[in-house]
Amino acid sequence: MEIDPWNRELLDKYLRDYGVGLVGFMPAREETQVGAKLRGFPLYVHSNLALENVSLNSANPVLRLTRAGGTLQEELPGTDWTVFTPAHATFTPLEWAAPSLPHFSEERLIVAILDKGEHDSISRVLFGGNLDFWLHRLLFLDALSYLSLGRISLALERHILVDIDDIFVAKKGVRMTEEDVKALLASQGRLREMVPGWRFNLGFSGKYYQNGYPEENAGDRMLLGYSIAPHHSGVYPVHEPLYDAWKKVWNVRVTSSEEYPHLYPARLRRGFIHRNIMISIFMTHLSNYGNDRLALYTFESVIKFVKCWTNLSLRTVPPLQLGERYFHLFPNERDPVWGVSGIHVPMCRPPPHANLGQGEVVRSAPKFLVIGPQKTGTTALYTFLAMHPGIVANYPSADTFEEVQFFNGKNYYKGIDWYMNFFPVPANSSSRYLFEKSATYFEGEVVPQRVKALLPHVKLVATVIPASRRAYSWYHHMRAHNDPAALQYSFHRVITAGDGDPRPLRNLRNKCLVPGMYAKHLERWLDYFPSWQLILIDGEELRNDPVYIMNELQRFLSIQPFYNYTEHLRYDKRKGFFCQVTEGDKTKCLGRGKGRVYPPMDESDAKLLKEYYQPYNVALEKLLTRLDYPVPRWLEEELQ
Ligand SMILES: Nc1ncnc2c1ncn2[C@@H]1O[C@H](COP(=O)(O)OS(=O)(=O)O)[C@@H](OP(=O)(O)O)[C@H]1O
């Protein structure tokens, strides 16, 4: 509002030429202005006021979501409000308030004002302060809608359902009596007048039915007559046996949870779909419906308040429809992101509502992940790490061997319990370094976000080798695994495949080439993790001097005790690689699948790939320099 004339002229020209409106806020200032003219506007201001008794101008065209609900008899936060006195018909008051001074409570000073643009062809909504005051946030949304000619507008329809879980679950003495149930039904009747069709949705666990004092048991019986359903308790993190039961016994399609995704305040909670069951987010618990009945009071008050100050139309629909509407509105939330933010690694994570029975254990989370990409020496790294007495690897998977492959692909939908079961329970989890290696994590679009949500403090180990060498090794890996496309097409054909080529060939090309765009993928990881949580290992050095790399890695992970790899790794002439020294001074090397023998890459293909990866390599070098990471020698050579 108070920029210098030159910038003001530029800004106004822009606003006029493109028909853009302006929302302005008056900054707090030290000196008080009384009746001062606002430069360039036919408008006078008075600053540094304490205000109260707010009301809105119902005739102002800006009001859309906000309703002029009467006079709000409360003080505005702060004592540095500015009020406006217009001197042109272009201005229409939007909001009034009275000064917080004795005998002035009837006065109406303008705290927010609409400039219709009749003075200088620019429409504005001006606020005499910031958005700390809740009503101004609503007015701000309306200002955006008005000034954008309705293009930036939120729908006015809202759906609401109150879900009361565990309706019978509470200790004797704090359960619902008949009187409480009657109060619930009476409240439901009153709410129905404000929200057509309102109905509390009750869920139960039958185990606790008739488990209270006689008057509470009478309450239980009355509730049973009302309507209850066994489709609640969408506990989070997901408790798989519950989902099994929901599917098998009741064919439940929708349920509720109050935890996901472990973010506070509660308004940050979200929905998700797991095993085709929609989890909406609206769940409350019994305790405030019996006894003090605070929940009933709160809901009625909130709804009255919303109806008083907004033009929102409140509706209710049954749970299934609500779930469908929810995910139609927020399609991005269909995919869950399992998270335990706030719980530090090592985390102990029994399902929150599950009583740990015999044979059940509390597991610890991995402290670091080897994320790949494939063919960069990750198996060697995994094997060398697992030799360390202080490091514990995941159990192997029946399908994917040493790799769990949880955060990418379908396994993610098996839930956290499935993942955690891959980790042994160390006697003293805090002194052991659990880790897993899944080389497919590196380039997965959703992987960094998922890892961050579940393991925010985890350290990340990535390995890189020349991208073209990686691509060639991967191609031979696929041939060795009898991949039909890899067997059918030559390496040249794969790396030169165009968008018009058959899908299997294009897929192969992408999987072959995309992981080597190292900088692009690393940047994605760094969107979620600070650089000090990530180490980048030169796979060439790992191959030639694994002891040096393992020492670096131990330092990065701050692992105790320091393991002397010199005595435990030895170059094996026959294998052509470093291998593990075993008892009896023999060596145990990786299997035939690692360190394969295949013909060298055609020079023309090597040239093609060098050009292809050039921009990615340039970006990688820049990234490494920016992060103060060492630049591998092969990268320097590639860029010469
Ligand atoms: N010590 C040791 N022993 C055997 N192999 C070693 C070793 N160090 C690095 N390498 C290189 O690792 C390459 C395989 O990489 P990955 O283990 O990441 O492959 S995989 O993604 O897990 O399939 C593998 O690639 P290929 O040579 O193409 O088979 C090796 O070059």
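The figures that follow rest on heavy atoms only: side chains count, while hydrogens, waters and symmetry mates do not.
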Enquirer: Please table the atom pairs, donor to acceptor, closer than 3.5 Å between any side-chain atom in residues 529-537 and protein atoms at least two apart or in another chain.
Expert:
from, atom 1, to, atom 2, distance (Å)
Q533, NE2, P456, O, 3.0
Q533, NE2, V458, O, 2.7

Enquirer: Looking at D12 and R8, is any side-chain nitrogen of the basic one under 4.0 Å from a carboxylate oxygen of the acidic one?
Expert: yes
Enquirer: Which of parallel (below 30°), tilted (30 to 60°) and perpendicular (above 60°) describes Y412 and F406?
Expert: tilted
Enquirer: Considering the options F384, F422, F368, which one meets the ring-ring contact (aromatic ring centres under 6.0 Å, His included) requirement together with F435?
Expert: F368
Enquirer: Would you list the pairs meeting disulfide (SG to SG under 2.5 Å) in which at least one residue belongs to residues 609-640, sequence neighbours left out?
Expert: none
Enquirer: For residues 574-640, which residue pairs qualify under disulfide (SG to SG under 2.5 Å), counting only residues two or more places apart or in two chains?
Expert: C579-C589
Enquirer: Does this structure show an ion pair linking E603 with K610, if we count only N-O contacts that are shorter than 4.0 Å?
Expert: no
Enquirer: Which word best sums up how the rings of F25 and F140 line up, parallel for under 30°, tilted for 30 to 60°, or perpendicular for over 60°?
Expert: tilted
Enquirer: Using the side-chain hydrogen bond (donor to acceptor under 3.5 Å, both in side chains) criterion, which residues pair with T440? Sequence neighbours excluded.
Expert: N408
Enquirer: With the threshold set at 4.0 Å, does a side-chain nitrogen-carboxylate oxygen contact exist between R509 and D501?
Expert: no
Enquirer: Mind checking whether F272 and H274 have parallel, tilted or perpendicular rings, split at 30° and 60°?
Expert: tilted
Enquirer: Per the salt bridge (charged side-chain N to carboxylate O under 4.0 Å, His left out) rule, what does the pair list look like for residues 581-593, sequence neighbours excluded?
Expert: R570-D585
Enquirer: Identify which one of F407, W338, Y413 satisfies the ring-ring contact (aromatic ring centres under 6.0 Å, His included) criterion when paired with Y419.
Expert: F407
Enquirer: Could I get the full list of ring-ring contact (aromatic ring centres under 6.0 Å, His included) partners for Y472, not counting sequence neighbours?
Expert: H476, F491, Y598
Enquirer: Taking R450 first and then D335, would you say they form a salt bridge - that is, a charged N and a carboxylate O separated by under 4.0 Å?
Expert: yes
